[in-house]
Structure formats: C-alpha cells, structure tokens
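Right, one structure below, let's go through it.
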Amino acid sequence: MSDPNGVVPTIAAIRAAVSAAKATGRTVALVPTMGALHAGHAELIRAAQRRAGFVVVSIFVNPTQFGPTEDFGKYPRTLDADRALCAEAGADSIFAPSAAEMYPGGFGAFVEVPKLDGVLCGARRPGHFRGVCTVVLKLFHIVRPDIALFGAKDAQQSIILKKMVRDLDVPVEMQIEPTVREADGLAMSSRNRYLSPAERGLAPRIFAALQSVRSRAGAGERDVAALRAGLHSDLAAIPGARVDYAEILDAESLETTDRLAKPALAAAAVFLGGTRLIDNLILGD
Ligand code: PAF
C-alpha cells in the first residue's frame with residue numbers, strides 16, 4: 001500500500017486520491033467491506049490488484065443494513081489489524097468514513113431491488129438489502145471504481161447488486177470471487193469469531209450439508225423438494241442448530257423451481273447459538 005498508515009476518512013479526500021490515480025492512467029478497483037478482515041478479503045484485494053493499478057478497500061460498518069435486533073453494536077471493529085492485512089495484500093488506500101460522513105443529518109434516499117430481495121436473507125432481514133444497495137451505490141459514486149469485487153459467499157447480495165448496476169447503468173464491472181474456506185470447509189466470515197469452540201467445531205457441517213445436496217444432484221436427483229428436504233434435515237441434525245432457511249432457487253432469478261434444469265443456488269442460513277452463518281453452492285453448473 002502506498003501509505004500503509006493512512007486511512008482516508010472523508011469523501012473529499014478519497015475522491016482526490018482516486019482522481020490523482022486516474023490522472024496517471026491507473027484503473028481503479030474497489031473492495032467494499034465492513035472490516036474485521038480475514039483471508040477471504042485478502043483474496044479479494046489480491047484479485048483486485050491483478051486487475052487494477054489502484055485498489056481502494058472501504059471499511060464501513062453500515063448501520064442501514066442491520067435490523068434493530070441485529071449485531072450492529074457488537075460487530076467486530078479491528079482497524080489496526082485491517083490496516084495490516086490491507087498493506088500485506090496490496091491495497092493502495094483504505095476509505096474508512098464515519099457514519100456521519102456517509103449519512104449526514106437529513107439523509108433520506110434509499111435504493112431498493114424489490115423481488116430479488118424478497119427471498120432468503122432479504123425475507124428474514126427486512127431492509128437489509130436496501131441498506132446494502134444504498135451504501136454500495138454511494139461507494140460507487142464516491143470512489144468511481146472501474147471494477148468492484150465481492151465474495152460469492154454472499155450470493156444473494158451479488159445477484160442484487162449486479163441487478164442494481166445493470167438497471168441503474170452504473171459504469172462498474174462487477175467481479176465475484178469464489179468463497180474462501182477454512183481447511184475444514186467453513187466459509188470464512190467476520191462473524192465466525194463469535195463462535196464458541198464447540199460451535200466452531202460444528203460449523204463445517206453447514207458446508208458438508210450443501211456438498212451432500214450437490215452430490216445428490218450430481219447423482220441425478222432432479223426433484224427440488226426432495227433435495228431441499230435433504231438439505232434441511234442435514235442442517236437440522238447439527239446439534240444446537242436452528243435452521244433459518246434451506247432453499248434451492250434458480251441461480252439467476254432466485255425464483256422457486258420444481259425440477260433442476262438450469263443452474264440452481266443451494267443456500268442455507270443457520271443459527272449456531274446466537275451466530276447466524278450463511279453459505280451456498282451452485283448446483284448443476
Ligand atoms: O458484504 C459486506 O461486507 C457488506 O454487505 C458490504 C457489501 C460491504 C456493504 O456494506
């Protein structure tokens with residue numbers, strides 16, 4: 001990173017830094033994050049660096065995407081460690097605004113992608129994707145990246161943001177990178193640090209359940225209800241788990257489907273104790 005200690009807190013300053021980079025002909029990539037960075041984020045930053053001459057990582061725990069009973073207050077804030085990871089992975093600038101910088105008094109414009117946000121996490125977390133779309137569109141206007149990178153773990157988020165970019169003619173290329181996993185298969189997530197040792201031991205069974213659905217689909221099972229029931233029962237068998245959803249939907253439209261014909265998204269959200277974990281796999285790709 002050009003200035004490893006420098007965290008840019010204002011919109012004016014990051015705009016100036018990006019303009020200076022663009023003036024030298026550099027392509028700009030943005031990796032939007034909420035901080036508490038892990039190896040999955042490092043992979044996004046490295047992928048951004050391969051594509052662009054100037055990589056901005058935004059770190060902002062976005063209040064508008066948390067529900068009133070969710071973990072906004074306790075969401076991990078680890079700026080020093082995040083700076084080190086950004087420097088190591090090759091970011092050029094960190095944009096870490098305050099809530100007042102992003103949402104000044106009187107703020108009142110929001111972006112929605114209805115229908116796509118009515119299923120999976122959108123159905124369980126009302127207003128979540130409205131908050132995500134609003135902050136990401138603001139970040140796109142502030143940073144004006146040529147490329148933006150997101151992780152495939154948040155599959156519904158990627159589908160919704162791609163639709164927002166298409167429908168609102170946002171001049172940015174969306175690049176979705178594969179989910180990075182721990183050695184035992186658990187998808188990397190900033191929320192994994194909430195897990196107790198016992199919960200951490202059980203958490204890889206979420207990915208195992210998704211893999212088992214993929215095996216059944218690979219072996220020829222086409223009946224989505226049967227596949228969904230198998231996924232649900234594998235997840236429900238994890239001791240102490242509460243299944244928030246276990247779904248198999250069309251991988252592009254997120255519509256329900258009876259038979260596996262086109263690629264489908266097998267997606268799960270599971271509470272282990274108070275921690276809600278999500279993961280997914282594509283079937284029939
Ligand atoms: O995926 C996330 O970390 C967040 O939803 C994002 C895209 C940074 C928006 O706050």
Side-chain angles (χ1 to χ4, degrees), residues 7-8 11 14 29-45 47-48 55-67 70-79 81-82 85-86 89 91 93-99 101-103 107 109-113 116-117 120-122 124-143 145 147-165 168 170 172-180 187-194 267 269 275-280:
V7 171
V8 179
I11 292 170
I14 194 66
L30 172 66
V31 180
T33 82
M34 297 205 299
L37 303 182
H38 49 66
H41 294 113
E43 278 306 311
L44 289 178
I45 297 167
V55 176
V56 178
V57 176
S58 64
I59 297 181
F60 179 61
V61 185
N62 173 35
T64 63
Q65 69 187 75
F66 289 81
E70 294 183 350
D71 57 345
F72 174 70
K74 78 161 186 172
Y75 198 85
R77 284 143 173 103
T78 58
L79 192 55
D82 292 349
L85 183 142
C86 285
S93 191
I94 298 173
F95 175 49
S98 65
E101 182 76 3
M102 291 298 274
Y103 298 113
F107 184 92
F110 290 89
V111 184
E112 278 185 279
V113 182
L116 283 176
D117 76 4
L120 305 176
C121 291
R124 274 88 186 166
R125 304 182 65 190
H128 170 68
F129 287 116
R130 186 174 102 127
V132 170
C133 287
T134 302
V135 80
V136 170
L137 191 61
K138 278 177 69 74
L139 290 168
F140 285 171
H141 286 315
I142 293 165
V143 176
I147 308 159
L149 295 94
F150 298 86
K153 180 176 76 72
D154 299 307
Q156 186 178 16
Q157 170 171 283
S158 299
I159 291 168
I160 288 175
L161 290 174
K162 284 203 274 190
K163 172 91 174 140
M164 175 187 83
V165 160
L168 300 182
V170 186
V172 65
E173 181 191 331
M174 299 287 283
Q175 185 167 324
I176 312 303
E177 288 290 308
T179 302
V180 177
M188 296 229 178
S189 164
S190 305
R191 291 187 168 99
N192 289 350
R193 66 188 76 198
Y194 298 155
T275 306
R276 185 174 180 278
L277 300 176
I278 59 170
D279 200 353
N280 67 81

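Ligands are counted one by one from 1 in listed order, and the atoms in each one are counted from 1 as well.
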So how far is it from E173 CD to L149 CG, rounded to the nearest 0.5 Å? 8.5 Å
Indicate whether any N or O donor in one side chain lies under 3.5 Å from an N or O acceptor in the other, for Y103 and N62. yes
Got the closest protein heavy atom to atom 2 (C) of ligand 1, with its distance? Q157 NE2, 3.9 Å
Does the cation-pi check pass for R124 over F129, that is, NZ or CZ under 6.0 Å from the six-membered ring centre and within 45° of its axis? no
Who passes ring pair (Phe, Tyr, Trp, His ring centres under 6.0 Å) against Y194, sequence neighbours left out? none
Numbering as shown, the atoms of ligand 1 that approach [X] to under 4.0 Å (heavy-atom distance):
{"X": "Q65", "result": "4 (C), 5 (O), 9 (C), 10 (O)"}
{"X": "V135", "result": "9 (C), 10 (O)"}
{"X": "T33", "result": "8 (C)"}

